[in-house]
Amino acid sequence: MLVASLEPLQYSIFILVAIAATAVVLTRDVQRQIVVNGFYGILLVILFVVFAAPDVALSMLAVSTVGYPLVVLIAIAKGRAK
Amino acid sequence: MTRRIRVAIFLPALGLFGVLLAWALVGIPDFGHYRGPYGYLLNRVALPERHMTNVVTSVVFDYRGFDTMGEEFILFAAVLGVVLLLRQGGREQPDELNDSVGSDGVRIGGVLAVGACVLVSLWLIAYGFVTPGGGFQGGAALASSVVLVFLVSSHKAWSGVASDHALDPFDGVGAGGYVVIGLGALIGGLPFLTNVLGPGVPGTLWSGGSAAFVNWSAGMEVAAANLILFTEFIDEYVVPLAAGDTAG
Amino acid sequence: MSVFPYLVAGWICVIGLYGIVTSKHLIHLALCLTVTQSSTYVLLLAVGYVQGGGPPIFKGVKLGTTAVDPVVQSLTLTDIVVSVTVLALILALALDVHDELDTMDPDRIAELQG
Amino acid sequence: MSWMLPLPVVIPLLGAAVNVALDHVTPRWLHTTIALVAVTTGLCFSIIVLVHSMSGETLHWFGGWTPRSGVAIGVGFAVDPLGAGFAVLACALTLAALLYSIPYIEAATRNYDALVIVLCGACCGFALSGDLFNMFVWLELAGVCGYALTGFDIRRMSALQGAVNFAVVNTVGGYFVLIGIALVYARTGALNLAQIGRTLSGQHPSGLLIVAMTLIVCGFLCKAAIVPFHFWLGDAYAVAPAPVCLIFAGIVTDIGLFGVGRVWFTVFDAPFGSHQRFVGDALLWLGIVTALVGGAMALVQQHLKRLLAFSVICHIGIMLVGLGLLSSKGVAGAAMMLLAHGVTTGGLFLAAGLLGVREPVRWTAGLWFCGAIALIGPPYVGVYMGHALIDDAAVELGRHWVQPLIWLAGALAGAAMLRAGAQVFLGLADDYDHGIEEGRDGPVPYLATITTVLVALGTAVSVVPGLAQRVVRGADRFRDRAGYANRVLHGIPMKESAHLPVVLQPTSTESLIYGSAALVFAVALAAFAVRRPDAARTRVFEPVLWPLRQLQTGVIGDYVMWVVVGTAVLGGVWAITLR
């Protein structure tokens with residue numbers, strides 16, 4: 001019942017996710033892109049919670065807070081260093 | 001082919017692709033009206049039959065445990081690949097890299113934070129059959145918390161925690177353990193990956209039966225694989241930096 | 001508009017593909033790949049959602065309470081953890097390319113390759 | 001005996017895990033031994049499974065989760081002779097590749113053996129699985145191993161680019177498959193192939209199903225390198241080390257086609273069965289175009305392994321033609337061709353690898369020509385039986401025009417190989433850049449023996465008595481959706497079938513003529529190209545192939561663009577015809 005009353009929340013989070021995904025793609029500067037991507041990751045985590053999928057949300061949280069940023073930032077730093 | 005030609009061919013095709021995709025998507029039963037039967041059946045039987053309150057974890061490690069074994073080996077193979085690619089030519093380890101964090105406060109706080117994160121991760125793995133969590137999420141969280149060691153201390157401390165000599169056995173044992181548990185059932189005359197010890201007591205650490213061991217081996221594999229990956233990337237970043245220091 | 005969530009997943013897929021094709025940087029391209037991949041998570045979870053359903057976890061909840069589909073969640077959660085390693089594999093390849101050619105622009109790489 | 005089914009998959013995986021666990025404490029020879037033992041064990045079990053799958057019980061429900069009133073609740077392996085045969089081929093070729101690698105791949109290369117055997121296990125899993133998502137998992141696993149194995153030979157820059165293109169195109173293909181699976185799941189609430197087929201039978205073809213099929217098929221075709229999804233293959237196979245190419249050409253490319261066949265005959269045949277002509281024709285035409293493009297592109301290559309890569313594309317196209325005919329003989333022809341082509345081309349890749357070890361020797365030249373002729377398929381040599389079965393299938397469906405086109409394509413690829421052989425191995429031209437990395441170690445007699453065994457086996461496939469009849473019987477079972485669903489979901493055993501004779505399969509006169517003509521044409525074309533290289537290049541090859549070569553840009557954006565274009569066009573065609 002609680003979730004059913006959250007209809008507007010569901011729709012707004014969907015719209016936000018769609019916008020954030022577009023922003024990730026359209027951000028051509030990779031350093032800025034990783035920031036936007038982190039934001040997108042957090043939105044996905046929220047979306048998964050809204051979907052009643054706490055397991056998936058945990059998975060995404062573990063990955064998007066450390067995994068993606070670490071790997072990508074090092075790749076960027078490596079690319080700059082040369 | 002220039003970029004302009006590429007985009008000129010691509011955009012109409014992508015448009016058609018999008019239209020087709022949308023055509024398919026509107027054919028899905030309305031949002032919120034999942035029709036089953038697979039998920040409904042599992043939601044009904046998982047607790048009575050397997051005594052696991054978290055149905056998702058019971059699907060991951062019991063009902064569809066074989067899929068998870070495959071996923072685990074994707075992780076395993078990808079890490080082998082990264083190691084193969086980044087370790088070519090035997091990179092030298094830097095002798096000394098003075099990158100330690102200055103303040104004691106930061107260090108103490110950092111160590112406490114690392115400890116707390118590690119505890120939470122282990123808890124996530126252990127209680128995966130009861131509450132949200134499990135080997136995959138817990139393993140990834142465990143690796144992430146250990147990376148904090150690098151962030152709050154020095155590269156030296158880090159390479160002590162995460163050297164490939166220490167991690168590779170965990171990687172192999174985690175991946176192999178999954179298969180061995182499955183083979184154990186097979187040797188006992190049951191199908192591969194049969195949950196021989198189950199069902200356990202609902203709501204406890206042992207609610208998973210032998211799937212609990214599968215869970216732990218997956219957790220070990222995921223944590224070790226992610227750590228190897230992070231080690232490789234951190235070394236990739238730190239080592240040339242150190243070489244630059246000594247040269248300059 | 002009850003198919004709206006699926007269309008969002010479709011949009012994420014399409015925009016990710018657009019990014020891959022028009023990308024001028026291998027790291028950007030790799031991140032666009034993860035965007036395309038995230039569309040599969042959104043789609044799978046949307047497909048298994050039950051309006052008014054709780055998580056498929058029956059701890060302190062009576063068995064038989066409406067819950068969402070656990071299968072799609074299990075398919076998704078392992079995939080997410082795996083995605084980092086695949087991203088890392090592609091980035092490792094990209095880094096090696098960069099070591100050799102000093103560029104991460106796919107067009108330039110092809111040019112230098114001849 | 002159903003307990004054996006998981007073993008061809010899990011034993012190699014376990015071997016890889018043990019190798020990594022012991023990585024720092026044991027010497028390399030032990031790792032190699034573990035890998036060899038694991039693959040040999042897998043091979044033995046897959047052979048036993050193959051023998052039993054002809055008649056006996058062939059199901060394995062993981063975790064003991066048998067279906068309940070027609071609803072599968074776990075993952076199951078459901079094995080038929082073609083699937084088991086594919087697993088046997090995968091293990092055998094991997095074994096050959098590992099043996100060849102012992103001296104060939106540098107000892108310092110860590111984890112190489114582990115990756116190779118994981119790849120083997122993944123391919124076996126794909127062939128044996130009866131679950132749609134499980135197939136996707138094995139497909140991804142095979143892909144991940146493939147990217148790493150392509151790119152690790154870092155001494156050459158192009159290896160990396162080939163690996164990046166391979167990785168990105170196949171990853172996108174994998175997402176297409178997953179979206180397709182999500183769509184199918186949304187409609188049926190099932191992941192088991194038999195159960196999906198059962199649920200969909202009698203249903204009206206809807207937009208959702210058409211697009212789901214398009215996405216799954218196109219994802220698989222990316223792996224199989226069918227035009228226009230093929231561009232990555234030339235880049236990747238040209239640069240991977242020879243033993244890795246053997247595995248790629250022999251099994252990894254083919255799992256895509258196998259997947260298309262599997263999902264069509266167990267799932268999509270149900271809703272689209274009444275429109276199957278349109279589906280088959282689309283695949284048929286894709287196959288013909290792929291075969292011709294592959295053959296033509298092979299002709300203009302100056303790089304030995306790239307040439308072989310395009311020959312792989314050519315033959316994959318011919319196999320797709322067989323599959324697209326959708327009849328038992330067509331499928332059996334594709335399977336026979338897969339076997340003969342996989343083994344022979346693998347042998348040729350190894351022969352190309354031999355060039356890097358020492359100066360060209362005449363023995364290698366003999367192997368090369370033998371393999372090239374086997375790939376053209378004159379009567380009862382090499383791929384001939386596959387061609388002949390496809391011919392029969394085409395004639396039965398009244399499509400006489402299919403035969404000359406696919407024989408021509410095979411002859412073009414064969415001519416390219418004959419020409420390259422004359423120039424490289426016999427030294428008839430100095431300017432041929434065979435593109436082989438010099439400076440490999442290894443005892444030539446040892447390496448040449450493995451090569452010889454493969455080429456000889458590939459050449460002899462067509463004259464094995466009784467083989468073709470058994471493959472046709474296997475194809476019957478592969479196509480039998482109702483029987484498959486009954487076995488999987490309700491455990492109803494198959495009916496006893498008549499004993500098969502052990503004699504050579506007779507072939508039609510047409511096939512005999514086409515086979516001979518193809519050989520003559522290929523030899524003539526090769527002779528012309530060798531004798532008058534300039535005339536051949538400027539007057540024949542370049543004008544025809546210029547546009548094709550322009551498309552092979554090496555830019556990843558272009559390749560993904562073609563993937564989207566191909567998927568959209570195929571989806572559009574099916575959207576119009578299947579409604």
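Residue numbers begin at 1 in each chain, while the letters A, B, ... track the order of the sequences.
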Return all side-chain donor-acceptor pairs below 3.5 angstrom for residues 168-184 of chain D, not counting sequence neighbours, or 'none' if the list is empty.
from, atom 1, to, atom 2, distance (Å)
D:N170, ND2, D:F166, O, 3.0
D:T171, OG1, D:A167, O, 2.4
D:Y175, OH, C:Q37, OE1, 3.2

Chain D contact via C:V47 - which portion, at a heavy-atom distance below 4.5 Å: side chain
Proximal component of C:T85, with respect to chain D [non-hydrogen, under 4.5 Å]: neither
Chain D neighbours within residues 86-93 of chain C, where any heavy atom lies under 4.5 Å away: C:V86, C:L89, C:I90, C:L93
Neighbours of chain D found in residues 67-76 of chain C - heavy atoms under 4.5 Å: C:D69, C:V71, C:V72, C:L75
Residue C:Y18 excluded, over 12 heavy atoms near OH under 6.0 Å: no
Toward chain C, the part of D:F136 with a non-hydrogen atom under 4.5 Å: side chain
Toward chain C, the part of D:V144 with a non-hydrogen atom under 4.5 Å: both
Qualifying residue for side-chain contact (heavy atoms from CB on, under 4.5 Å) with C:I20, from D:V560, D:I556, D:V564: D:V560
Top contributor to chain D contacts, counting heavy-atom pairs under 4.5 Å, from C:T78, C:L33, C:V82: C:L33
Contact winner vs chain C - D:Y147, D:Y185, D:Y559, heavy-atom pairs under 4.5 Å: D:Y185
Non-neighbouring partners of C:D79 that pass salt bridge (charged side-chain N to carboxylate O under 4.0 Å, His left out), sequence neighbours left out: none
